[in-house]
Amino acid sequence: MINNNWSDADAAEWIAQAGDLEADKLLAQRVYSSRLIGSDPDLVMHGGGNTSMKTTRKTLFGDDEHILHIKGSGWDLDTILAPGLPAVRLDPLLRLRALDRLSDEDMVNAQRQNLLNSSSPNPSVETLLHAFLPHRFVDHTHATPFLVLANLPNAEEVARQIFGNRLGIVPYIMPGFALAKAAAEVYEQNPDVEGLLLLKHGHFAWGDTARESYDRIVAHSNEAAAALGLNDPTFPRGIGRAGRQADSTMNTGFLARFRGALQTGDAMPVLDVRFSAEIDSFLARDDLDDLAARGTASPDHVIRIKARPLILGVSDDIATITAEITAYAETYQAYFDAQNARVGGKVMLSPLPGIAWVKGLGLVGIGADAKSAAIAADLGEQNIRVRRVGEDHGGFRPIGENDTFEMEYWSLEQAKLGKSKAPAMRGKVAMITGGAGAIGVATAQAFRAAGAEVILVDRDADALASAAGAVPGAEVLALDVTDTKAAKASMDYAVSAFGGLDILVSNAGSATQGALADLDDETLSAAFELNFFAHHRFAKAAISLFRSQGNGGQILFNVSKQAVNPGKDFGAYGLPKATTFFLLRQLALEHGADGIRVNGVNADRIRSGLLTQDMIHRRAQARGSDVETYMSGNLLGAEVEAHHVADAFLALARLERTTGHVVTVDGGNIAAALR
């Protein structure tokens with residue numbers, strides 16, 4: 001069942017911040033209730049709903065003007081603010097209803113022409129439906145109970161049993177002008193209805209106040225849930241990233257093979273795995289293949305997850321996985337060819353799946369990055385619930401293939417193709433050891449800014465938490481890299497979190513001080529454990545994972561100028577770093593044929609955990625200079641900072657035909673030059 005989370009106190013806070021204009025106060029209520037709806041996955045997920053509010057505002061000439069505030073493109077209901085509900089002149093929209101037809105492109109243009117603020121985002125494609133309904137507040141959701149109900153073969157009959165005549169029933173029509181007119185006509189046949197059931201689509205409700213409309217959305221959804229036996233939360237999420245990372249039974253070998261087999265060009269997708277008792281039970285159904293072929297719970301889901309999932313078994317070998325993916329792509333190609341012959345003029349999308357049902361593992365969301373993979377997994381979970389409950393209550397019967405193609409290849413979606421350039425590192429997964437240090441954080445920020453998913457590895461959990469705050473979206477793993485099991489555990493983490501790994505930035509290290517002749521064996525051995533053997537073990541583990549994926553990979557070492565230009569009393573640091581320098585070249589030699597590139601950075605005098613403030617002061621004093629002079633003591637006369645090292649790592653990661661190379665980042669130091 002769905003909780004009603006309305007709070008008069010919270011609503012009052014939003015209204016108090018809105019100013020004195022009545023229209024702004026109403027808009028504040030609209031923002032508040034929209035966020036309530038959007039924050040509940042039982043009601044909407046990932047752009048699957050919209051809200052509106054009608055009011056009056058003054059023109060520049062002081063005249064009253066009827067206005068519709070409607071959710072704008074690019075805004076999510078759970079985080080929406082007033083700018084995400086652009087204002088559109090209502091009267092010109094209402095005049096459009098007299099037209100016999102209106103293309104999607106003309107509809108969008110008419111809506112943009114009537115924006116009060118020309119810089120506002122595009123109003124929702126369902127703007128006219130909201131406009132043609134006379135109510136002040138209108139809400140549209142895709143609650144799981146309504147998706148089950150809407151896709152029953154006798155949905156209208158069941159809806160009448162649940163709601164009587166309190167809901168109007170609208171036949172399936174794609175969003176746009178025709179649907180808006182049809183919905184308005186259904187409402188006008190019985191103006192006493194409290195909302196609309198859009199068959200195969202979703203639910204509308206309304207009210208004179210934001211609360212009345214929200215209350216109806218929740219109440220209607222709960223009535224449908226009760227009738228369908230959905231007494232628990234209607235969208236019980238499977239165990240996601242946080243839970244599965246601690247699960248040692250996760251089949252990381254399968255996921256790595258699967259991710260590699262999905263490669264297109266030089267990119268592999270990001271994976272998001274979900275598992276739960278409900279998912280396991282669903283994947284054991286005898287009618288699984290039949291249910292997979294039916295379509296999606298809501299038509300717009302096809303844009304994210306395609307019409308059918310890929311079905312695999314966790315024990316499948318790479319040959320079987322590859323064959324199944326090839327067969328899926330061929331089936332999709334045939335579907336596209338047949339449908340495009342019917343409608344013409346479409347550009348085929350990727351033929352690869354958006355979700356996979358993996359028997360013995362769970363549900364796998366597939367996306368170009370972590371966000372899109374998570375969206376696919378969320379929608380995949382909802383689709384499993386809708387299929388299961390619907391089939392067990394009379395049948396799951398979504399829209400057919402023709403309508404599915406019309407939605408998947410909607411002209412408004414096709415127009416977006418090629419208009420945005422993906423970030424350079426989108427879909428790449430990078431792991432950074434020593435991730436809580438200055439260089440680690442800067443490197444993570446650089447890779448995230450370029451579109452990569454990042455995992456920070458460090459032994460200091462508190463420092464990692466702080467680092468995560470500086471790198472939004474980063475995953476963190478607290479462990480000691482010198483532990484002999486740390487490297488394998490880290491690779492498993494990468495697979496469970498994102499499906500695999502593309503780049504290892506082996507950065508962890510510590511500068512042990514003291515003259516070599518005076519150091520005991522234990523101290524020197526510990527220095528080698530951190531500054532060489534940990535790098536070696538992580539590199540070996542990464543290479544093993546890269547081989548499982550079968551698509552190359554990259555290892556980037558933080559080598560240090562000490563490897564080629566020893567400093568007094570830093571032998572315990574320089575010796576393992578010199579060995580790591582040799583390791584870099586040896587691995588580049590041995591694994592170029594695997595497509596694995598191995599490069600590194602030699603940096604010097606960086607304010608970090610290695611070069612502490614106390615050490616900087618002592619070194620500066622020993623040279624008779626101040627800190628600033630010491631830190632800029634290079635040929636360029638400029639201090640080298642952590643972000644300069646990060647930029648070098650990122651540049652190396654993007655040099656597709658470079659391996660066995662070390663970039664010096666020290667502002668110029670001839671004594672440390674490699675040649």
Side-chain angles (χ1 to χ4, degrees), residues 1-6 36-46 48-49 77-78 139-164 166-167 169 194-205 214-240 274-285 287-288 291-292 294-301 305 355 357 362-363 377-398:
M1 304 296 278
I2 297 168
N3 292 328
N4 188 315
N5 294 315
W6 183 277
L36 285 183
I37 291 170
S39 63
D40 192 338
D42 285 339
L43 293 174
V44 298
M45 289 191 298
H46 309 299
L77 287 178
D78 59 335
D139 294 328
H140 170 42
T141 65
H142 293 172
T144 304
F146 269 101
L147 293 184
V148 174
L149 174 59
N151 287 297
L152 293 177
N154 58 338
E156 183 169 358
E157 176 187 344
V158 176
R160 293 296 179 217
Q161 293 171 0
I162 299 171
F163 298 103
R166 290 184 293 127
L167 291 186
I169 311 296
E194 300 172 354
L196 300 172
L197 168 63
L198 276 57
L199 296 180
K200 318 295 186 186
H201 183 163
H203 171 223
F204 272 79
Y214 173 73
D215 285 348
R216 282 177 170 171
I217 284 288
V218 174
H220 291 169
S221 298
N222 281 334
E223 286 182 74
L228 296 166
L230 289 164
N231 299 316
D232 298 323
T234 62
F235 183 61
R237 290 180 182 276
I239 298 174
R274 307 287 171 84
F275 57 90
S276 67
E278 179 175 11
I279 293 172
D280 286 345
S281 175
F282 178 81
L283 295 180
R285 289 179 67 114
D287 58 354
L288 193 68
L291 286 175
R294 298 274 184 87
T296 54
S298 179
D300 59 306
H301 290 181
I305 61 174
I355 55 172
W357 293 348
L363 168 76
D378 282 349
L379 295 178
E381 284 198 76
Q382 188 180 42
N383 270 262
I384 281 178
R385 170 57 73 91
V386 172
R387 280 171 166 82
R388 181 184 67 77
V389 177
E391 190 68 6
D392 294 346
H393 281 79
F396 171 65
R397 297 291 186 274

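Computation of the quantities below employed the complete heavy-atom set of this structure, encompassing side-chain atoms and omitting hydrogens, waters and symmetry-equivalent molecules. Sequence positions, counted from 1, serve as the residue numbers for this chain.
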Which heavy atom in [X] sits nearest to a heavy atom in [Y], and how many Å separate them?
X	Y	result
L363	G380	CD2-C, 3.6 Å
A150	A155	O-CB, 4.0 Å
V44	I37	CG2-O, 3.6 Å
S221	I2	CB-CD1, 3.5 Å

Do NZ/NE/NH1/NH2 and the carboxylate oxygens of R387 and D287 come within less than 4.0 Å? no

Has R385 got a side-chain atom pairing as donor or acceptor with P145's backbone, closer than 3.5 angstrom? no

Between N151 (side chain only) and A297 (backbone N and O only), is there a donor and an acceptor less than 3.5 Å apart?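 Yes, N151 side chain to A297 backbone: donor-acceptor pair under 3.5 Å.
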
Please walk me through it: do T141 and F146 pass side-chain contact (heavy atoms from CB on, under 4.5 Å)? CA-CA 9 Å; T141 65; F146 269 101; 5.6 Å; no

Could you check R294 against E391 for salt bridge (Lys or Arg N to Asp or Glu O under 4.0 Å), going step by step and ending with a plain yes or no? CA-CA 11 Å; R294 298 274 184 87; E391 190 68 6; 2.9 Å; yes

Measure the [atom1]-[atom2] distance between [X] and [Y] for me, rounded to the nearest 0.5 Å.
X	Y	atom1	atom2	value
R397	L199	CZ	CG	15.0 Å
E156	L167	CD	CG	11.5 Å
L147	L228	CG	CG	11.0 Å
M45	L77	CE	CG	13.0 Å
R274	D378	CZ	CG	4.5 Å
T296	Q382	OG1	CD	10.5 Å

Find out whether [X] and [Y] are in side-chain contact, i.e. whether some heavy atom of one side chain is under 4.5 Å from a heavy atom of the other.
X	Y	result
F204	L198	yes
H301	I355	no
L291	R388	no
N4	Y214	yes

Going through the checks in order, is the side-chain contact (heavy atoms from CB on, under 4.5 Å) test met by V158 and H393? CA-CA 10 Å; V158 176; H393 281 79; over 6 Å; no

Any side-chain donor-acceptor pair under 3.5 Å between H203 and H201?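 Per modelled atom types, H203 and H201 side chains form no pair under 3.5 Å.
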
Considering residues at least two apart in sequence or located in another chain, which fulfil the side chain to side chain contact (heavy atoms under 4.5 Å, CB included) criterion with [X]?
X	result
N3	N5
E194	R166, R216, H220
A159	L149, I169, L197
D280	none

Contacts of F282 that satisfy ring pair (Phe, Tyr, Trp, His ring centres under 6.0 Å) - sequence neighbours left out: W357

Got a sec, which residues hit salt bridge (Lys or Arg N to Asp or Glu O under 4.0 Å) with R160, two or more places apart in sequence or on another chain?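 With neighbours one apart ignored, the set is empty.
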
